[in-house]
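The structure displayed is predicted, hence computed values, not measured ones. Numbered from 1 within each chain, the chains take letters A, B, ... in sequence-line order.
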Amino acid sequence: MIEIRFHGRGGQGTVVASKILADALAKEGNFVQAYPEFGVERRGAPVISFIRIDDQQIYDKSRIYAPDHVVVVDPTLVEAIDVTEGLKDGGWIIINSDKKPADFKFPAKFKVATINATEIAVRNKLGTLATPIVNTAITGAIVKILNLTKLETLLAAIGDAITVKPQDNQTAAREAYEKS
Amino acid sequence: MIEIRFHGRGGQGTVVASKILADALAKEGNFVQAYPEFGVERRGAPVISFIRIDDQQIYDKSRIYAPDHVVVVDPTLVEAIDVTEGLKDGGWIIINSDKKPADFKFPAKFKVATINATEIAVRNKLGTLATPIVNTAITGAIVKILNLTKLETLLAAIGDAITVKPQDNQTAAREAYEKS
Amino acid sequence: MKPKKEIKKIVFQSAEDMPTMPMSIGNMLWNKTGSWRNIRPEIRLEDCIQCGICWKFCPDMSIEIEAEWPVVNYDYCKGCGICAEECPAKCIVMVEERK
Amino acid sequence: MKPKKEIKKIVFQSAEDMPTMPMSIGNMLWNKTGSWRNIRPEIRLEDCIQCGICWKFCPDMSIEIEAEWPVVNYDYCKGCGICAEECPAKCIVMVEERK
Amino acid sequence: MKKEKKMTLTLPVEELVGSGNLACQGCGANLALRYVLKALGQRTVLCIPACCWAVIDGAFPHSCMSVPIYHCAFETAASTATGVKAGLEMVGDLETTVVAWAGDGGTFDIGLQALSGAAERNDDIIYVCYDNEAYMNTGIQRSSATPTGAWTTTTPVKFPKDRPKKDIDAIMAAHRIPYLATASISYPEDVVKKTKKAKSIKGTRFIHIYAPCPTGWKSRPEDAVKLGRMVVQNCVFPLYEVEHGEKYTLNMKIKDKKPIDDYLKLQGRFRHLKPEQIKLMQEEVDHNWARLLKKCESA
Amino acid sequence: MKKEKKMTLTLPVEELVGSGNLACQGCGANLALRYVLKALGQRTVLCIPACCWAVIDGAFPHSCMSVPIYHCAFETAASTATGVKAGLEMVGDLETTVVAWAGDGGTFDIGLQALSGAAERNDDIIYVCYDNEAYMNTGIQRSSATPTGAWTTTTPVKFPKDRPKKDIDAIMAAHRIPYLATASISYPEDVVKKTKKAKSIKGTRFIHIYAPCPTGWKSRPEDAVKLGRMVVQNCVFPLYEVEHGEKYTLNMKIKDKKPIDDYLKLQGRFRHLKPEQIKLMQEEVDHNWARLLKKCESA
Amino acid sequence: MKKVIMGNHALSYGAMLSRSQVIAAYPITPQTQVVELLSEMCADGTLNAKFIKVESEHSAMAACIGASAAGARAFTATSSQGLALMHEMLHWASGGRLPVVLGNINRAMAPGWTIWTDQNDSLSQRDTGWIQFYCASNQEVVDTVIQAFKVSEALAIPSMVVLDAFALSHTYEVVDIPDQAKVDAYLPPFNPPYRVTPDDPRAFGGLTGPEHYMELRFKLQKDMEKVLEMIERTGREYEKQFGRYLGLVDDYLCDDAEIILVTSGTAGYTAHVAVDEMRDHGLKVGNLRIKVFRPFPFEIVRRLTQSAKKIAVVDRNISYGHHGIFAQELKSAIYGHGDCKPVFGFIAGLGGRDITPASFREVVDFTISHDRPEEEIIWIGVKK
Amino acid sequence: MKKVIMGNHALSYGAMLSRSQVIAAYPITPQTQVVELLSEMCADGTLNAKFIKVESEHSAMAACIGASAAGARAFTATSSQGLALMHEMLHWASGGRLPVVLGNINRAMAPGWTIWTDQNDSLSQRDTGWIQFYCASNQEVVDTVIQAFKVSEALAIPSMVVLDAFALSHTYEVVDIPDQAKVDAYLPPFNPPYRVTPDDPRAFGGLTGPEHYMELRFKLQKDMEKVLEMIERTGREYEKQFGRYLGLVDDYLCDDAEIILVTSGTAGYTAHVAVDEMRDHGLKVGNLRIKVFRPFPFEIVRRLTQSAKKIAVVDRNISYGHHGIFAQELKSAIYGHGDCKPVFGFIAGLGGRDITPASFREVVDFTISHDRPEEEIIWIGVKK
Ligand SMILES: Cc1ncc(C[n+]2csc(CCOP(=O)(O)OP(=O)(O)O)c2C)c(N)n1
Ligand SMILES: Cc1ncc(C[n+]2csc(CCOP(=O)(O)OP(=O)(O)O)c2C)c(N)n1
Ligand code: SF4
Ligand code: SF4
Ligand code: SF4
Ligand code: SF4
Ligand code: SF4
Ligand code: SF4
Ligand SMILES: [Mg+2]
Ligand SMILES: [Mg+2]
């Protein structure tokens with residue numbers, strides 16, 4: 001079983017990212033469970049969401065406290081909160097950032113990857129620099145880095161789920177995949 | 001324990017009669033329980049009410065099925081329904097009527113008394129011939145015939161309970177008492 | 001008076017006989033509300049002008065029309081007196097019921 | 001900026017410490033909503049005409065008046081941009097928050 | 001004695017309310033439904049919440065009615081009717097008229113929200129309120145339809161109702177429903193006409209029928225029709241229609257407006273009133289009447 | 001740079017709503033309460049039912065407010081306030097102003113009956129409805145305050161809201177309460193003036209405040225105040241007062257009435273509208289505006 | 001002072017003697033006389049209270065909640081549909097820790113429309129966090145209202161005082177009306193530590209996340225558990241003042257009984273009569289009338305049923321799809337305490353069907369003649 | 001067709017596949033997505049139904065009742081406060097014998113305001129005469145809605161399909177969406193013998209006196225008792241069509257268990273994980289997840305708990321003044337059947353506090369280390 005936690009901000013579609021990932025993984029026969037933080041979401045305020053992946057029925061309905069990996073959709077959060085809380089040793093921290101992994105000061109027991117999803121998104125006309133829509137791009141990176149599923153499956157899942165500018169979203173995901 | 005059932009018509013104040021009787025009996029230290037039929041009352045439609053009297057606490061809260069005596073406040077009911085239903089042998093049937101007891105064809109096991117409460121009431125300006133207010137008069141007769149309490153106690157109870165024309169009501173009760 | 005479908009009061013002997021839902025299966029005609037009456041309307045047809053007003057205003061559907069004339073159905077007439085009050089010909093009188 | 005009564009978030013360690021009723025015992029100042037912001041208002045006081053409009057329309061009580069001049073309280077300013085939009089002197093600009 | 005004349009029948013002859021029912025002697029509510037059903041005919045469903053009519057209908061397993069009734073919870077006349085209408089349409093019955101039939105308490109008070117909701121959605125129902133100006137079925141408690149000055153068991157003579165009757169018609173007009181009308185049981189032809197008109201319109205229609213209650217008003221049963229007439233003649237309860245919340249039509253022009261005194265005198269519930277109080281009530285009536293005339297003119 | 005001028009403050013300076021609260025960026029509801037409390041001062045109790053403000057206040061054991069709040073059930077703003085007022089009076093506090101503070105859903109829909117009941121009794125409370133034209137706290141579902149044509153999650157673009165906004169002000173005016181006013185967050189001085197006026201009157205007072213909601217309207221946070229201004233200028237939400245249900249006063253004369261187009265364009269919830277639909281909406285606005293003018297004249 | 005009054009007026013007197021400050025109520029048969037008398041008392045000044053004539057029961061409870069939160073003593077009365085309509089607000093009053101007292105006349109639930117007695121209305125509220133008292137006489141009604149305020153205010157939990165429709169509500173009995181001065185001594189003015197006031201501005205009932213909610217509810221349960229002891233203690237105080245003890249149960253000849261009837265409400269009084277009769281016939285029967293149903297009086301019920309051979313619970317209610325509610329709760333209470341003696345669950349008297357001494361004889365006959373109940377529910381007086 | 005959907009949409013799909021004809025609902029967190037998807041389905045013609053956007057939950061249930069009485073299949077969904085506001089109408093639907101189906105998202109009751117899960121909302125409705133299903137996965141939700149209509153319509157009793165807030169309502173899982181044609185074959189159109197129609201005019205729900213009411217309610221209970229068998233039978237039919245059995249309980253390793261956990265909802269799935277872990281450590285623990293709470297599955301629960309030494313009930317709810325509700329009902333159910341083995345009543349997870357595998361380990365540890373429960377309630381995860 002793999003458990004991943006997403007960090008983002010209200011209004012950034014963090015849940016959509018985990019949902020798309022779940023769709024893609026389910027297409028390949030996995031069992032998945034994706035859920036948002038259970039609370040009040042306000043645009044701009046820090047939010048989290050989760051995904052559990054397994055090759056058999058997932059019975060555990062309790063919350064995820066010790067994820068295998070974390071994904072940070074909004075880079076500013078790295079300063080604001082402790083994104084490594086509960087993260088398992090050896091887990092990946094995948095950050096949407098234009099910085100290099102080494103620029104982040106995380107304990108060595110974690111692996112760090114960065115992807116400039118914002119840049120990719122904006123270039124693909126997904127939102128503006130102030131409010132980029134990065135959720136599809138970031139899934140491309142996750143799938144690649146964690147080796148979760150084939151790119152094609154992810155792109156198909158994006159095609160199913162996204163009704164506004166599906167192609168641009170797919171392109172963004174592909175670019176992120178390729179850059180990761 | 002003495003149990004009495006009253007027969008009247010909606011709007012005739014049958015419950016008031018049983019309540020006044022209860023008041024009077026309580027004044028003399030009895031335990032009493034008085035209650036109306038449990039249902040929808042409509043002016044003119046046949047209704048019943050009950051009273052239980054005892055010298056000790058009354059625990060029985062079930063309905064009265066076999067009264068010791070019955071009181072018929074409206075004479076026309078004698079034809080309309082069986083006022084003797086469940087009446088115990090030897091019980092009194094006290095009827096508001098200008099007829100003689102013998103004019104009524106009841107089984108011999110019952111004792112019959114009549115009192116022209118309507119006439120007494122109307123004469124004391126309690127209602128009209130079409131809608132006489134006979135409930136106080138009839139209590140006078142009951143108290144006398146069943147020897148339940150002193151007249152004075154009854155009159156005191158009427159004085160306490162009746163706010164409109166208390167004296168006329170007392171007079172009516174006294175007259176009925178004396179005529180019974 | 002035209003013959004009324006005489007309907008008996010329904011009393012169930014067992015739960016099985018009852019409908020599943022609380023639901024009517026008969027009408028109220030068993031309930032002879034004529035017995036509620038203490039005054040009764042009597043129509044002096046000789047003065048009647050067949051205006052239909054008594055029929056119109058009877059709350060208990062107890063003025064029936066027979067061969068173009070109003071007839072009181074005493075089985076149900078509750079004796080409210082509206083017909084007498086409203087009759088423009090003043091040909092309905094309320095008389096005291098059985099004394 | 002005038003010193004704000006700094007209030008910590010209250011976290012109960014046991015049921016006993018809690019009030020019987022669900023009832024507040026502290027304020028929300030621990031919740032630094034400045035962290036929600038992705039754009040920040042900056043006031044160019046040189047152009048300010050001291051009209052008070054930014055103060056009037058800030059939904060988050062984050063424009064404070066200091067010595068007759070408007071000052072943004074970045075601890076709480078959520079970055080909505082209303083002040084900039086409404087400033088008649090156009091002397092508030094919204095700039096991107098930390099990149 | 002038998003003359004060769006036909007009886008004059010100014011109303012449809014079909015009787016859909018049956019005898020043997022449990023209304024009091026001289027009940028105006030009984031007349032109200034009798035007239036409304038004469039207008040609507042048998043293909044009608046009634047949704048009746050708690051109110052006198054929930055009892056008048058009769059006791060299980062009997063009903064005095066020739067139309068189906070869904071007896072519903074007190075506060076749900078409108079929402080139940082909306083549900084019934086939707087249900088009927090989904091099972092293919094597009095024709096049956098669905099009527100919510102409620103008392104003033106069920107309309108002005110506890111059922112107002114459901115009614116307002118239906119009106120806002122313009123649900124396709126006719127809502128009829130028969131107004132006897134109090135909670136009668138529970139033994140005469142004040143409702144917000146109880147007029148100023150009236151005694152009820154919860155507005156004792158020492159402290160009679162001090163608030164004016166809620167203006168439900170203005171409230172419903174403010175919902176801009178396609179059709180609204182006031183009516184009185186003493187003008188049955190008018191009741192029938194308005195009900196038929198309502199039937200011919202789609203959407204939420206509201207009819208407010210004045211229905212005297214001898215038991216609750218402490219009046220004589222034989223005066224029920226008279227009271228329903230007086231109240232129109234003295235403009236306490238004028239007859240009018242409102243279309244789409246805007247077009248006011250006065251149905252009964254009153255040339256010779258009567259004072260309210262005689263009307264009050266016939267009812268025990270007003271017995272305690274002093275002349276000053278009656279004067280104030282008269283002023284209120286006059287004021288309301290003037291306002292209504294203005295609305296009708298400007299429409 | 002420091003000139004020797006005083007800052008112009010057109011509102012009372014006391015802040016009774018605190019920072020750190022949980023309103024969205026640019027929330028109009030937040031401004032609405034800020035202004036109302038500036039007018040009422042600290043001796044005020046708020047009864048707040050379920051709505052965004054139930055969340056904005058903060059989470060247990062914290063509150064952003066300097067006045068007491070009773071958070072009450074969704075449908076009970078008015079009845080809870082009535083109870084609080086009665087309770088305060090019985091314990092000797094005759095002065096505190098009791099305010100029911102509810103959203104449009106809690107006012108136009110689920111709380112309407114309690115409000116109507118309070119108004120009928122003329123209970124001594126100020127009822128303020130901040131209107132953001134949908135159920136926002138649950139994620140943007142239609143309420144009966146949602147305007148025609150708007151998208152919400154329960155009125156999808158394929159089938160946007162097809163019923164007009166319920167005219168709550170006409171409904172409350174029909175209750176003839178002593179005071180009623182409309183207001184918009186974009187005219188804070190007007191909000192304060194009306195609230196103070198309301199405070200000076202006894203009985204049930206109703207204030208209806210237009211409160212733009214960037215989140216629910218899919219508009220930019222910085223446009224909140226602009227939208228609240230446009231809506232007055234284009235007469236979609238005119239500012240007026242009604243006394244005793246009769247005396248209408250227009251507070252803001254509009255000489256140069258703007259078309260609604262610009263207003264709609266700023267909001268994502270109207271993005272799907274076609275020109276024909278907008279034309280119909282404009283007609284509705286014109287019609288309502290004309291009616292209002294008439295009422296104000298004839299008053 | 002002794003007076004012949006109906007059960008409904010007993011509630012009114014209870015509310016008056018307790019000096020209720022705010023009353024908000026809505027009429028419903030068979031409760032109307034409660035409200036009528038109280039509105040008269042308010043009109044003529046006998047009672048100094050605000051009477052809010054609300055437009056529904058939902059608002060009645062909301063107004064009581066508001067008043068209680070503001071620090072006033074609040075009372076209401078209702079029945080069946082009205083109580084059901086209050087359901088959400090019942091949860092509110094208890095969760096908000098407000099000691100409102102409510103008189104409920106037990107009336108069966110519609111449809112079909114009914115105005116007659118059974119306990120399904122109040123027992124359907126058993127999970128709302130209210131204290132529930134069941135009365136068997138008008139005397140008990142007056143006394144219990146006063147006691148209810150005392151207990152509720154001490155522990156910040158609302159109380160429901162329950163009486164049967166007609167069999168109590170409309171039945172006149174002799175009642176010793178307590179003296180006002182003595183009541184005042186027994187029940188001091190309501191003075192909660194926190195209330196809605198600008199002098200100490202607090203937000204009551206705000207958003208409460210998973211990190212705190214459970215503790216608040218834990219505290220409610222812990223206080224609920226204190227109610228039993230409090231009722232016994234203040235019941236003794238009451239006895240000292242007024243000569244009548246207000247306990248958790250009314251146990252009659254339970255000590256040596258082989259069969260114990262478990263009853264409640266007026267049927268529990270009628271059972272008394274049946275027990276006397278059966279004792280005359282040599283049957284060792286006792287009657288345990290439950291007066292306090294919430295919190296459930298675990299200890300005393302366990303103790304009093306300990307020596308019996310069989311228990312026969314007579315429920316005037318039913319939880320459809322399970323058992324009668326007293327039977328269910330009693331079994332839950334005595335499970336694992338002592339031997340597992342047979343508990344027979346009878347259901348009788350729904351929708352106003354009379355429960356007579358003969359009903360109890362039938363109950364006892366059945367219990368004697370069967371080793372174990374066999375059926376989940378044994379129906380008494382149903383035309384099957 | 002497999003789809004990743006949230007629990008709320010699983011409810012919507014269930015209602016759509018069942019060809020609901022009238023939907024009347026009101027939004028409330030965490031139920032809103034149910035209504036949003038259904039209103040989209042109605043708008044775009046995927047579902048041919050009337051969607052009534054009512055002004056309150058009370059009206060939602062009233063409209064469903066009206067629609068069902070008119071012979072249409074009616075559905076609604078709500079949560080906590082909304083369900084509580086429907087309370088009177090829940091009694092109405094069951095007493096009126098109308099097979100409405102309601103999806104309820106388990107959310108704790110206010111105050112304080114909460115949107116997080118616990119079962120007090122639906123369990124407070126346990127005495128209203130509704131069938132209650134508790135689900136643990138989104139798959140179960142879809143399947144159960146369809147099944148609920150089948151059972152409800154056959155026996156004229158309404159059903160509630162219950163799922164946990166967030167843990168199910170907002171959690172995306174893979175769901176095999178049943179094929180519409182197969183669903184149509186399984187669930188024929190609703191065709192009640194009587195309905196509100198002028199073609200057969202009847203008065204429904206009129207005044208019902210003491211001479212008849214009890215029999216009508218007796219019939220309701222008798223039909224309620226048939227539900228259990230019906231669920232098992234139609235569950236098998238469902239299995240034949242769709243490969244998934246819908247039973248009364250989900251029993252996991254109960255046969256040889258010494259300690260049986262009794263659970264429900266999503267916690268009942270999490271318990272599964274804990275049982276596996278504990279079995280790995282040699283502890284003979286089983287998990288009995290109750291899927292149908294009303295009617296209470298007496299027989300199967302008795303049978304499955306028979307051989308265990310101890311029972312540990314984990315309640316995400318509480319009846320203040322008594323026990324956790326599953327514990328209470330279980331004790332009532334097994335009382336007098338077999339030995340009187342210790343039943344430990346735990347309460348956990350109120351107001352959204354998480355229930356984790358560790359919670360169950362704590363539960364089992366306690367159960368092992370105590371001979372008898374000693375306390376009425378054992379609290380898990382409370383900061384005392
Ligand atoms: C929720 C609820 N509250 C109270 C009642 C009691 N109740 C039944 S009928 C009625 C009065 C109805 O008054 P109205 O609607 O004016 O009709 P009327 O009886 O006057 O014909 C009341 C209060 C009820 N059935 N349900
Ligand atoms: C009885 C009940 N039904 C539904 C809800 C869910 N609910 C909470 S807030 C809300 C919407 C409130 O809308 P509105 O009154 O317009 O206030 P806003 O959120 O827009 O500020 C709803 C539906 C509830 N809390 N209680
Ligand atoms: S007295 Fe009344 S009921 Fe009888 S016929 Fe005349 S109007 Fe009808
Ligand atoms: S009202 Fe009089 S005149 Fe007219 S038809 Fe009747 S009896 Fe004849
Ligand atoms: S950006 Fe918004 S919150 Fe920040 S100071 Fe300006 S108005 Fe206030
Ligand atoms: S709005 Fe602009 S000009 Fe006015 S005070 Fe603020 S910053 Fe200065
Ligand atoms: S109380 Fe009034 S409305 Fe009700 S049945 Fe009697 S007369 Fe008719
Ligand atoms: S959703 Fe709208 S009303 Fe609610 S807090 Fe956000 S901006 Fe304000
Ligand atoms: Mg009425
Ligand atoms: Mg809103």
Student: I need the minimum non-hydrogen distance between F/L88 and G/V196, along with the two atoms involved.
Tutor: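 Closest approach of F/L88 to G/V196, heavy atoms only: CD2-O, 3.5 Å.
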
Student: Which one of F/A81, F/A78, F/A59 has the most heavy-atom pairs closer than 4.5 Å to chain G?
Tutor: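 The candidate making the most pairs under 4.5 Å is F/A59.
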
Student: Is F/V45 close to chain G through its backbone or its side chain, or both, or neither, when contacts mean heavy atoms under 4.5 Å?
Tutor: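 Contact with chain G: side chain only.
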
Student: List the atom of F/P61, the atom of G/H212, and the distance in Å for their closest heavy-atom pair.
Tutor: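 Taking every non-hydrogen atom into account, CD-CE1, 3.8 Å.
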
Student: Of all of G/G96, G/A63, G/G205, which one pairs up most often with chain F through heavy atoms under 4.5 Å apart?
Tutor: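 Ranked by heavy-atom pairs under 4.5 Å with chain F, first place is G/A63.
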
Student: As an exercise, state the distance from CZ of G/R202 to OH of F/Y70, rounded to the nearest 0.5 Å.
Tutor: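 Going from CZ on G/R202 over to OH on F/Y70, the span is 14.5 Å.
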
Student: Name the region of G/Q21, side chain, backbone, both or neither, that has any atom closer than 4.5 Å to a heavy atom of chain F.
Tutor: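 Answer is both: backbone and side chain atoms of G/Q21 are under 4.5 Å from chain F.
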
Student: Which one wins on heavy-atom pair count under 4.5 Å against chain G: F/V98, F/I69, F/T80?
Tutor: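 If we count pairs closer than 4.5 Å to chain G, F/I69 comes out on top.
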
Student: Take atom CG in G/D184; do more than 12 heavy atoms of anything else shown fall under 6.0 Å from it?
Tutor: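 Check passes, neighbour count above 12.
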
Student: What's the spacing between G/K50 NZ and F/T82 OG1 if we round to 0.5 Å?
Tutor: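 One finds 11.5 Å between NZ of G/K50 and OG1 of F/T82.
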
Student: Heavy-atom distances under 4.5 Å only: say whether G/M61 touches chain F with side chain, backbone, both or neither.
Tutor: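 When you check distances to chain F, no heavy atom of G/M61 falls under 4.5 Å.
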
Student: If you count every heavy atom of other residues, nucleotides or ligands that lies below 6.0 Å from F/E14 atom CD, does the total exceed 12?
Tutor: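 Atom CD in F/E14 is packed in, count exceeds 12.
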
Student: Find the distance between NE2 (G/H58) and OG1 (F/T76) and round it off to the nearest 0.5 Å.
Tutor: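 Separation between the atoms: 7.0 Å.
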
Student: Taking side chain as everything from C-beta outward and backbone as N, CA, C, O, which of these in G/S68 sits under 4.5 Å from a heavy atom of chain F? Side chain, backbone, both or neither.
Tutor: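 For G/S68, there is no contact with chain F at all, as no heavy atom is under 4.5 Å.
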
Student: Would you mind checking which part of F/S116 comes under 4.5 Å of any heavy atom in chain G, side chain (CB onward), backbone (N, CA, C, O), both or neither?
Tutor: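 Contact with chain G is absent: no heavy atom of F/S116 under 4.5 Å.
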
Student: So which atom in F/C72 and which in G/W92 form the shortest heavy-atom distance, rounded to 0.1 Å?
Tutor: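 Shortest heavy-atom contact: C-CZ2, 3.5 Å.
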
Student: Is G/R195 close to chain F through its backbone or its side chain, or both, or neither, when contacts mean heavy atoms under 4.5 Å?
Tutor: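 G/R195 touches chain F through side-chain heavy atoms alone.
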
Student: Main chain of G/P198, side chain of F/Q42: is a donor-acceptor contact present, judged purely on distance under 3.5 Å?
Tutor: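 Between the backbone of G/P198 and the side chain of F/Q42 there is a qualifying donor-acceptor contact (under 3.5 Å).
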
Student: Let me confirm one number: the CG-OG1 distance from G/D199 to F/T96, rounded to the nearest 0.5 Å.
Tutor: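 G/D199 atom CG to F/T96 atom OG1 measures 7.0 Å (nearest 0.5 Å).
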
Student: Counting heavy-atom pairs under 4.5 Å with chain F, which one of G/G206, G/P201, G/A24 comes out on top?
Tutor: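 Going by pairs under 4.5 Å, I would pick G/P201.
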
Student: For G/A72 versus F/G87, what's the shortest heavy-atom pair and its separation?
Tutor: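 Nearest heavy atoms, G/A72 then F/G87: CB-CA, 3.7 Å.
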
Student: Give the minimum heavy-atom separation between G/A70 and F/V91, together with the two atoms involved.
Tutor: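 Between these two residues, the closest heavy atoms are O-CG2, 3.8 Å.
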
Student: How long is the span from the CD atom in G/E55 to the CZ atom in F/R121, to the nearest 0.5 Å?
Tutor: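 Taking CD in G/E55 and CZ in F/R121, the distance rounds to 5.0 Å.
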
Student: Rounded to the nearest 0.5 Å, how far does CG of G/L207 lie from CG of F/D57?
Tutor: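 One finds 9.0 Å between CG of F/D57 and CG of G/L207.
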
Student: Which answer fits F/E75, side chain, backbone, both or neither, if we ask what part of it has an atom under 4.5 Å from a heavy atom of chain G?
Tutor: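 Side chain only.
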
Student: If you count heavy-atom pairs under 4.5 Å between each of G/C64, G/A67, G/S56 and chain F, which one has the most?
Tutor: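 Max contact count across the listed options: G/A67.
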
